[in-house]
Amino acid sequence: MERVYINKISEHVDKEITIKGWLYNIRSSGKLMFPEFRDGSGIIQGVVSKKEVSEKIWEDFAKLTQESSVIVKGKVTKHPKKENVYELQVTDLEIVQIAEEYPITPKEHGVEFLMDRRHLWLRSQRQVAIMRVRNEIVQSIREYFYKEGFTLFDTPIFTPNAVEGTSTLFSTDYFDLGKAYLSQSGQLYAESGAMALGKVYTFGPTFRAENSMTRRHITEFWMMEPEMAYYDIDDDMNLIEDFLEYVVQRVIVNCKSELETLERDITKLQNVKKPFPRVTYDEAIEILRKKDIPLIRKTANGEEEIRPFPWGEDFGAPHEEAIVEDYDKPVMVHRWPAEAKAFYMKRDPNDPKIALGVDVLAPEGFGEIIGGSQREDNLDLLVERIHEHKLPMEVFEWYLDLRRFGSVPHSGFGMGLERMVSWICNLEHIREAIPFARRPNRIRP
RNA sequence: UCGACGAUAGCUCAAUGGUGGAGCAUUCGGCUGUUAACCGAAGGGUUGCAGGUUCAAAUCCUGCUCGUCGAGCCA
C-alpha cells in the first residue's frame with residue numbers, strides 16, 4: 001500500500017493508503033474511536049470502528065497515548081458532514097512507539113512552560129504553520145535576489161570588529177589572536193562583495209548582546225543584507241519596496257492555509273504593494289508635533305516630557321506608532337539626523353547634519369523591519385567618522401581599502417528575518433518566529 | 001539596566017488573616033459520528049526560597065530567586 005503524506009490525501013480518495021506519523025489526539029465514543037494523526041505535512045482524522053477491525057487493533061488503539069508514533073493503513077473517504085475534509089477509515093495499526101505522558105496537552109499553557117519544552121512545542125499546528133511561513137519567506141528572498149541578478153555572498157560570523165555599537169558584542173577566545181566577536185552584521189563584508197560582484201546579498205545569523213526584553217528582540221537572529229554598487233539612497237528605497245511586495249504577495253499565495261491556521265487577516269497584507277509612503281525625518285517630526293507626541297527623556301528623578309519633539313532625536317516606540325498609524329503599508333522614513341546613526345552612513349551632500357539612511361516601519365505596530373543607507377564612499381570622511389565614533393582604526397584598514405581602490409557610491413539594507421516572520425504571521429512575540437529563540441534569560445533548549 | 005505585575009496539583013487558574021478548590025491531563029468505568037467530545041469515579045499539595053508580624057499566614061511585611069509585560073537600544 002502506498003505511503004502518502006497527509007497534505008496529498010485528496011488525491012487518494014477511495015484508495016487504500018499508509019500514513020506514517022504520530023497520534024495528535026484521540027476521541028472515543030463507545031464502539032467508535034476518532035484518532036487524529038499528524039505526519040508533519042498535515043493532520044487527518046481517522047475512524048476506527050470496533051466492528052471493522054480485529055480485536056487486537058481495537059485494543060492497541062486504546063493503548064495509544066498522545067504523540068505515540070504509528071503507521072496506519074486505511075481507506076481515504078470524504079468527511080460525511082464537512083466539505084473538502086477527508087478521513088481515514090482505519091484497517092490496520094502498527095505501533096512504532098508508545099509515547100510517555102506528553103506534557104503539552106491540547107489546552108492552554110503558559111509561555112515559560114512552552115519555551116522550556118520548545119523542542120516539543122514545535123509539533124503543534126500553530127508552530128508548524130509559523131515554520132512553514134518562515135521557510136516560504138526565506139525561499140522567496142532567495143528567489144527574488146537570484147532573479148534580480150544578485151549573488152549570494154556569505155560573510156563570516158567570527159569577526160575582529162564591531163559594526164554597530166561595541167557594547168552589544170558577544171566575544172569569544174580565538175586561539176593566540178585574542179578576542180573574536182560574533183558578527184552583528186555582514187554589511188562591511190557585503191560591501192566588499194558589491195565591489196567585486198556588483199550586487200550581492202548576505203543571509204545568515206547575527207548576534208547582538210543587547211539586554212532587551214521586548215517582543216521584538218532576540219540575541220541571535222537571521223539577517224538578510226543586500227549591497228549594491230552604484231545605488232544611491234533612492235535606488236535603495238526602490239529596491240526595498242519592490243522586494244517587500246514580492247515576498248509578502250508570494251507568501252500570502254503560497255501559505256494560504258498556514259495563514260488561516262494562524263488566523264492572520266490577509267487583507268492587511270494584500271495592501272503591501274508599491275509604492276510605499278516615503279516620509280523624511282523632517283516630515284516625521286511634523287507629524288509628531290501635530291499629534292503632540294513628546295520626547296520622553298530619563299532624568300535623575302524620573303522622566304520628563306519634551307514638546308514639541310526636538311529635531312535630532314531618534315524615535316521610540318510611541319513615535320514609530322504615531323507615524324505608521326496613518327498608513328496601511330510599510331512606511332519608509334529616510335534622511336535622518338546623522339548623529340543618531342551609524343558611522344558608515346553617507347551624509348547628505350546638501351546638508352551635512354543629515355545621514356542618507358532609511359528605516360522601514362511595518363504596519364500594525366510591528367516596528368522596524370529594515371534599516372538601510374547609502375554608505376560613505378569618501379575615504380577621508382570615513383576615517384573622520386571612525387575617529388568620531390572612537391572605533392579601532394587598524395581593524396578597519398581592509399574596509400578603507402574599498403574607498404582607496406575604485407570607490408563608488410553604494411547602498412544596501414538589512415532585514416531582520418524574525419521580525420518579518422512576526423509581522424506576516426501577526427505573532428505576539430518574536431520568540432515564536434525562530435525554532436529556538438535565544439534571549440538574555442534563555443539559552444535552552 | 002529601569003518600572004509595573006506575578007509565582008498555589010503535571011497544566012491553566014480560584015480561595016474575606018480562620019479546615020487549600022475547579023477544569024484539563026493521568027488511572028478506572030460508560031457511550032456507534034466525535035471535533036480542545038461528553039458523562040461518572042479515583043489518585044494527585046512542604047502554596048518559589050529564607051526570615052518576620054500574629055492565637056492563626058497561600059493571604060500582611062522584608063530580602064532573595066525566577067518569570068511576564070512595558071521602557072531604552074535595535075533588525
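Quick note: numbers below take in every heavy atom, side chains included, and nothing from hydrogens, waters or symmetry partners. Letters A, B, ... mirror the listed sequences (proteins, then strands); counts begin at 1.
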Same-atom distance (P) from U54(B) to U16(B), integer angstrom:
24 Å
Measure from the side-chain heavy atoms of F113(A) and tell me the nearest of C24(B), G10(B), U32(B).
G10(B)
Considering only atom C1', compute the distance from A58(B) to G48(B) and round it to an integer number of Å.
12 Å
Does R375(A) pair with D236(A) as a salt bridge, N-O distance under 4.0 Å?
no
Heavy atoms under 4.0 Å, any strand shown: does L361(A) hit a base, just sugar-phosphate, or nothing?
nothing
Using a cut-off of strictly less than 4.0 Å, decide whether K82(A) has a side-chain nitrogen or oxygen near OP1 or OP2 of G33(B).
no
Let me know the distance between CG of D116(A) and P of G10(B), rounded to the nearest Å.
15 Å
Roughly how many Å is it from CE in M223(A) to C1' in A75(B), rounded to a whole number?
6 Å
Can a donor-acceptor pair under 3.5 Å be found between the side-chain atoms of H217(A) and the base atoms of C74(B)?
yes
Does a donor on one side chain and an acceptor on the other come within less than 3.5 Å for R118(A) and Q127(A)?
yes
What nucleotide among C31(B), A75(B), U34(B) has an atom nearest to a side-chain atom of E87(A)?
U34(B)
E108(A) has an atom CD; how far is it from atom C1' of G10(B), in whole Å?
16 Å
Round to the nearest Å and state the distance from L120(A) atom CG to A25(B) atom P.
18 Å
Go along nucleotides 63-71 of chain B 5' to 3' and tag each nucleotide: B for a protein heavy atom under 4.0 Å from its base, S when only backbone or sugar atoms are that close, - otherwise.
---SSSSSS
Using a 4.0 Å heavy-atom cut-off across all strands, classify E418(A) as base, sugar-phosphate, or nothing.
nothing
Do N238(A) and Y231(A) get their side chains close enough for a donor-acceptor pair, meaning under 3.5 Å?
no
Aromatic F436(A) / basic R438(A) pairing, under 6.0 angstrom, 45° off normal
no
Taking the P atom of each, how far is G3(B) from G23(B), in whole Å?
42 Å
Which whole-number value in Å describes the distance from K107(A) NZ to G23(B) P?
11 Å
Using 30° and 60° as the class limits, which term best fits the ring planes of F243(A) and F413(A): parallel, tilted or perpendicular?
tilted
Which whole number of Å gives the distance between the C1' atom of A57(B) and that of G70(B)?
32 Å
For the side chain of E210(A), counting heavy atoms from C-beta on, which of C24(B), A75(B), U32(B) is nearest?
A75(B)
For T280(A) and D282(A), does a side-chain donor sit closer than 3.5 Å to a side-chain acceptor?
no
Answer with base, sugar-phosphate or nothing: what part of the nucleic acid does G110(A) contact at a heavy-atom distance below 4.0 Å?
sugar-phosphate
Select from K81(A) and Y102(A) the residue whose nearest nucleotide in RNA chain B is closer to the 5' end of that strand.
Y102(A)
With sugar-phosphate meaning primed atoms plus P, OP1 and OP2, does K50(A) contact a base, only sugar-phosphate, or nothing at under 4.0 Å between heavy atoms?
nothing
Using a 4.5 Å cut-off on heavy atoms from C-beta on, say whether the side chain of R208(A) contacts that of M223(A).
yes
Write down the distance between CD (Q66(A)) and C1' (C11(B)), rounded to a whole number of angstrom.
12 Å
Could you say whether S49(A) or I26(A) is positioned toward the 5' end of RNA chain B, judged by the nucleotide with the nearest heavy atom to each?
S49(A)
Between CD of Q187(A) and P of A75(B) the distance, given in whole Å, is 10 Å
Within this structure, what is the CG-to-P distance between L169(A) and A75(B), rounded to whole angstrom?
14 Å
Base C73(B) to side chain T168(A), donor-acceptor N/O within 3.5 Å cut-off:
no
Once the angle between the rings of F315(A) and H319(A) is folded into 0 to 90°, is it parallel (under 30°), tilted (30 to 60°) or perpendicular (over 60°)?
tilted
Quiz question: by atom type and distance under 3.5 Å, do the side chains of E225(A) and S185(A) form a donor-acceptor pair?
yes
Do we see F221(A) stacking on the base of A75(B), given a limit of 5.5 Å between centres and 30° between planes?
yes
Of all the choices, A25(B), U34(B), C74(B), which nucleotide is nearest to the side chain of R419(A) once you look at every atom?
C74(B)
Output the distance between atom CG (L417(A)) and atom CZ (R134(A)), rounded to the nearest 0.5 Å.
4.5 Å
State which residue, out of K273(A), K329(A), R278(A), fulfils the side-chain hydrogen bond (donor to acceptor under 3.5 Å, both in side chains) condition with E241(A).
R278(A)
P spacing across the pair C5(B) / G10(B), given as an integer number of angstrom
28 Å
Q187(A) and T155(A), any side-chain heavy atoms less than 4.5 Å apart
no
G20(B) versus U34(B) - spacing of their P atoms, nearest Å:
42 Å
Which value, in whole Å, describes the distance between the C1' atoms of nucleotides G40(B) and G45(B)?
25 Å
With a 4.0 Å cut-off on heavy atoms, is S28(A) in touch with a base, just the backbone sugar-phosphate, or nothing at all?
base
Taking atom P in both A15(B) and C28(B), what distance in whole Å separates the two?
34 Å
Under 4.0 Å, counting only non-hydrogen atoms across every strand here, what does I370(A) touch: a base, just sugar-phosphate, or nothing?
sugar-phosphate
Per-residue pairing states of RNA chain B in dot-bracket (Watson-Crick or G-U under 3.5 Å; . unpaired, | other strand) read (((((((..((((....[..)))).(((((.......))))).....(((((..]....))))))))))))....
